[in-house]
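For reference, the structure is listed below as structure tokens.
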Amino acid sequence: MGSSVAVEVTGLHKKFGDQLVLKGIDLHIDMGEVVGIIGPSGSGKSTLLRCLNLLETPTEGVIRIQDEVLYARQAGEARPAKSAPGKLKTGMVFQQFNLWPHMTVLENVIEAPLRVKKTDKKAAIQKAEALLAKVGLLEKRDMHPIYLSGGQQQRVAIARALAMEPEIMLFDEPTSALDPELVGDVLRVMKDLAGEGMTMIVVTHEMEFAANVADRVIFMDQGAIVEQGTPETIFRHSQSPRLQQFLSNTSFTAFG
Ligand code: ADP
Ligand code: MG
């Protein structure tokens with residue numbers, strides 16, 4: 001079975017005002033791959049992820065998601081040749097879970113399928129219940145998010161993203177806002193998802209998760225991909241001084 005393209009990024013640049021935040025990213029990800037992105041704060045990790053679903057508009061470059069060009073603009077062109085998704089193929093989970101506070105857990109999960117996909121309500125509820133069971137929170141279906149722990153809210157956010165049946169899941173530091181004892185449950189849900197073959201791009205500070213779950217780890221610094229490879233290569237045989245320095249500042253000691 002040949003692998004098919006999930007994400008193909010070429011020459012991606014992003015400026016905020018005069019600040020060049022992404023300096024020409026080239027990235028190829030196959031369907032089924034789990035990619036971890038690590039790097040210091042401010043290196044452009046979130047901006048890259050947000051460009052992949054057009055939460056940020058790139059300055060130039062090409063982004064292809066599966067067989068669809070999501071965004072295309074060459075240097076010097078007045079406007080993008082393409083800058084709109086047909087159907088959004090990516091689901092995103094944010095550091096701050098961003099659940100709707102006035103809705104119950106179940107309502108949070110069925111909202112987008114009902115409004116955006118025009119799914120039949122009964123089918124949407126059935127699907128939502130299955131997803132809530134999957135993340136271990138079916139019994140919270142009628143509660144409002146405020147009564148849930150951060151870890152539970154984040155698992156609802158994952159169920160909500162999955163309800164739209166994305167081809168690719170994007171996670172932006174999904175456990176960074178959580179108390180340490182709540183991190184494990186969220187990582188377990190993500191690990192299960194990876195085990196089921198979901199294509200995932202995970203920006204994370206959890207080096208152990210990146211080492212154990214990712215097929216490939218990408219190290220970003222100052223708006224560029226500095227180094228990428230298998231977890232073993234990145235964590236054990238890193239080449240660039242910048243990555244070595246970054247790793248020496250974390251307490252992670254996998255692979256000795
Ligand atoms: P990371 O996720 O790696 O911490 P970000 O992608 O959030 O990095 O940010 C990269 C750089 O872009 C930072 O210097 C940040 O201040 C800047 N930046 C991010 N978002 C915006 C924005 N909406 N407006 C202006 N500058 C931004
Ligand atoms: Mg970030």
Side-chain angles (χ1 to χ4, degrees), residues 7 9-27 29 34-63 65 70-71 73 80 83-84 88 90-99 150-151 153-154 157-158 161 166 168-180 182-183 186-187 190 200-211 213-214 216-229 231 234-235 238 240-252:
V7 175
V9 171
T10 46
L12 178 65
H13 290 73
K14 174 63 182 175
K15 274 186 184 172
F16 287 112
D18 289 338
Q19 190 195 0
L20 189 55
V21 168
L22 296 179
K23 301 176 179 168
I25 301 283
D26 297 316
L27 178 62
I29 296 173
V34 177
V35 174
I37 302 181
I38 62 173
S41 179
S43 56
K45 305 180 298 296
S46 294
T47 303
L48 172 59
L49 224 53
R50 293 166 63 81
C51 283
L52 294 182
N53 56 13
L54 296 183
L55 283 176
E56 299 290 354
T57 305
T59 304
E60 93 188 41
V62 177
I63 299 173
I65 305 288
L70 186 71
Y71 182 90
R73 182 181 186 177
S83 182
L88 205 54
T90 46
M92 184 135 167
V93 174
F94 302 87
Q95 180 175 331
Q96 302 296 343
F97 337 113
N98 301 340
L99 296 178
Q153 289 188 50
Q154 190 60 301
I158 293 172
I168 302 161
M169 283 286 283
L170 312 174
F171 294 87
D172 193 357
E173 301 200 23
T175 60
S176 295
L178 301 178
D179 293 333
L182 303 176
V183 168
V186 173
L187 293 182
M190 292 170 63
M200 294 168 49
I201 308 177
V202 185
V203 173
T204 187
H205 284 144
E206 296 287 336
M207 296 300 152
E208 199 174 322
F209 179 81
V213 179
R216 178 162 40 128
V217 177
I218 290 175
F219 171 63
M220 282 183 70
D221 192 23
Q222 297 180 16
I225 293 176
V226 174
E227 199 169 331
Q228 56 180 308
I234 291 298
F235 292 116
S238 53
S240 77
R242 276 193 278 172
L243 173 53
Q244 287 161 3
Q245 157 131 42
F246 175 75
L247 291 174
S248 74
N249 289 337
T250 73
S251 57
F252 176 65

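All ligand and atom numbering here is 1-based and tracks the order in the structure.
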Any idea which atoms of ligand 1 are less than 4.0 Å away from a heavy-atom of Val21?
10 (C), 11 (C), 12 (O)

Quick check: Lys45 and ligand 1, any N/O pair under 3.5 Å apart?
yes

Between the CD1 atom in Ile65 and the CG atom in Leu52, the distance rounded to the nearest 0.5 Å is 5.5 Å

Would Tyr71 and Leu12 satisfy side chain to side chain contact (heavy atoms under 4.5 Å, CB included), going step by step from the backbone distance to the final call?
CA-CA 10 Å; Tyr71 182 90; Leu12 178 65; 5.6 Å; no

Output yes if Ser46 passes the N/O/S-under-2.8 Å test against the Mg ion (ligand 2); output no otherwise.
yes

Looking at Ser238 and Ile234, what are the two nearest heavy atoms and their distance?
CB-O, 3.4 Å

Would you verify that at least one protein heavy atom lies under 4.0 Å from atom 16 (O) of ligand 1, or report that none does?
no

For atom 7 (O) of ligand 1, what's the nearest protein heavy atom and its distance?
Ser46 CB, 3.7 Å

For Ser43, counting its heavy atoms only, list the atoms of ligand 1 lying under 4.0 Å from any of them.
1 (P), 3 (O), 8 (O)

Do any N or O atoms from the side chain of Ser240 and from the backbone of Leu243 form a donor-acceptor pair under 3.5 angstrom?
yes

Based purely on interatomic distance, does Gly44 place a nitrogen or oxygen under 3.5 Å from a nitrogen or oxygen of ligand 1?
yes

Hey, does Arg50 sit under 4.0 Å from ligand 1 if you only count heavy atoms?
no

A side-chain contact here means heavy atoms from C-beta on lying under 4.5 Å apart; do Met220 and Leu22 qualify?
yes

Student check: side-chain heavy atoms of Val213 and Met190 closer than 4.5 Å:
no

Judged by non-hydrogen atoms, does Pro40 sit under 4.0 Å from ligand 1?
yes

Crowding at CD, Gln244 (>12 non-hydrogen neighbours, <6.0 Å)
yes

To the nearest 0.5 Å, what is the distance between NE2 on His205 and CD on Gln95?
8.5 Å

Who's the nearest protein heavy-atom neighbour of atom 14 (O) of ligand 1, and how far?
Gln19 NE2, 3.0 Å

Validation row: Phe209, Val183 side chains within 4.5 angstrom (heavy atoms):
no

State the atoms of ligand 1, each with its element, that fall below the 4.0 Å cut-off from a heavy-atom position in Thr47.
5 (P), 6 (O), 9 (O)

To which protein heavy atom is atom 4 (O) of ligand 1 closest, and what is the distance rounded to 0.1 Å?
Gly42 N, 2.7 Å

Would you say Phe16 and ligand 1 have an N/O pair spaced under 3.5 Å apart?
no

